[in-house]
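Read the structure below first, then the notes.
The basis for the numbers below is simple: all heavy atoms, side chains too, and nothing from hydrogens, waters or symmetry mates. Since the model is a prediction, treat every value here as computed from it, not as a measurement. We count ligands from 1, going down the list as the structure has it; atoms in each ligand are counted the same way.
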Amino acid sequence: MKANVNDIEMSYADRGTGLPIVFVHGFPLDGTLWQPQLDALSDEYRVIVPDLRGFGGSTPSQEVTMDQYADDLHTLLDELEVNQVVLAGLSMGGYIAFAFHQKYPDRLCGLVLVDTRPQADTDEARANRAATAAIVKELGAAALADDMLGKLLSPVTSKNQPNLVQTVHAMMARQPVVGIVAALHGMAQRPDSRPMLGDISVATLVVVGADDAITPAADAEAMVDAIPGSKLVVIPDAGHLSNLEQSQAFNQALREFIATRVEGV
Ligand code: MLT
C-alpha cells in the first residue's frame with residue numbers, strides 16, 4: 001500500500017485488527033525485515049510495517065534525520081487514523097523510536113527496542129559512516145551488503161539458515177544508494193538519547209540477540225537499567241536481526257509483553 005506522507009510516497013503493509021503495532025526496520029533494510037511478524041502476529045494485532053523514506057518502495061530524499069523518519073511515521077498514523085500504538089524499532093528503527101518518543105509520547109502505549117542502542121555515534125563511527133557512504137556511491141549497495149552480512153547474523157544463523165542469509169543479503173543489495181547515503185548521514189547526526197531514558201514512562205520491552213555483534217547485550221542491559229520498569233529479553237542463537245533469526249522466540253516475547261504490560265487502547 002502507498003500513502004502520501006509529508007513530501008514523499010510511503011510504502012507500507014497494514015494487516016489485521018486489534019491493538020496496532022508499528023514495526024520500524026533497521027539499516028540498510030526495508031519492511032520485509034518484519035515478514036515473520038506480519039505473518040504471525042496479524043491474527044491478533046493490527047500490524048503496520050512501513051518502508052522508511054529511501055528504502056523499499058518509499059521515495060528517497062537527499063537528506064534525512066531521525067526526526068524526519070519519526071515525523072513520517074506520525075503522519076502515516078494520522079493518515080491511517082490510528083491513535084496510540086506499540087512502536088517496535090530495530091537498530092536504526094530504535095534510534096527513530098527514541099526520536100518519536102521525544103516528539104510524540106502521547107501516541108505510544110508501548111515501546112519495543114530491538115537490537116539497538118541509545119548513545120550517539122563516536123567520532124570514529126562518524127568517520128566510518130562517511131567512508132561507507134563513499135564506497136556505496138562508488139560500488140553500489142551490493143558492496144555494503146557483502147561487508148555487513150557477516151556482522152548482522154549469529155554464527156548459528158549463518159550455519160543453519162542459508163535461505164535467510166540469502167534473503168538478508170538480497171534485502172540490503174536492492175536498497176537505493178541515495179536512501180543508504182542519506183541514512184548514514186542522518187545516523188551520524190543523531191543525538192545521544194541516554195539523557196531521556198529515565199523519562200520513558202510507557203511500558204517498554206528491550207530485546208537483544210545473545211550473539212548481537214553490532215549492538216551487544218551489554219547495551220541492552222544498560223538501557224533496561226535506565227528505563228524505569230522496562231523488561232529485557234535476550235534471545236539465544238540470534239544476532240543483530242533477532243526478530244528474523246529466531247522469529248518464534250521473538251514473537252512469543254512480544255505477545256507476552258503486550259499481554260502483561262500494555263494497556264489496551
Ligand atoms: C542497523 O541495523 O540499523 C544499523 O546497524 C545501525 C547502525 O549502523 O548504527
Under 3.5 Å, side-chain donor or acceptor atoms of residues 134-150 against the rest of the protein: list the pairs with distances, not counting sequence neighbours.
from	atom 1	to	atom 2	distance (Å)
Asp146	OD1	His169	NE2	2.6
Asp147	OD2	Lys151	NZ	3.3

Please tabulate, one pair per line, all N/O donor-acceptor pairs under 3.5 Å involving side-chain atoms of residues 171-183, not counting sequence neighbours.
from	atom 1	to	atom 2	distance (Å)
Arg174	NE	Asp30	OD2	3.3
Arg174	NH2	Asp30	OD2	3.1
Arg174	NH2	Thr32	OG1	3.0
Gln175	OE1	Gly56	N	2.8
Gln175	NE2	Asp30	OD2	3.0
Gln175	NE2	Met171	O	2.7

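Ser58 places a side-chain N or O within 3.5 Å of a backbone atom of Ser11 that can act as its donor or acceptor partner. Judged purely by atom type and a 3.5 angstrom limit, Arg53 has no side-chain atom pairing as donor or acceptor with the backbone of Ser61.
The protein residues lying under 4.0 angstrom from ligand 1, judged by non-hydrogen atoms, are Gly26, Phe27, Ser91, Met92, Tyr95, Arg117, Arg129, Met187, Ile214, His240.
In terms of the salt bridge (charged side-chain N to carboxylate O under 4.0 Å, His left out) criterion, Asp51 has no residue partners (sequence neighbours excluded).
Glu245 and Thr157 share a donor-acceptor pair across their side chains, judged by distance under 3.5 Å alone.
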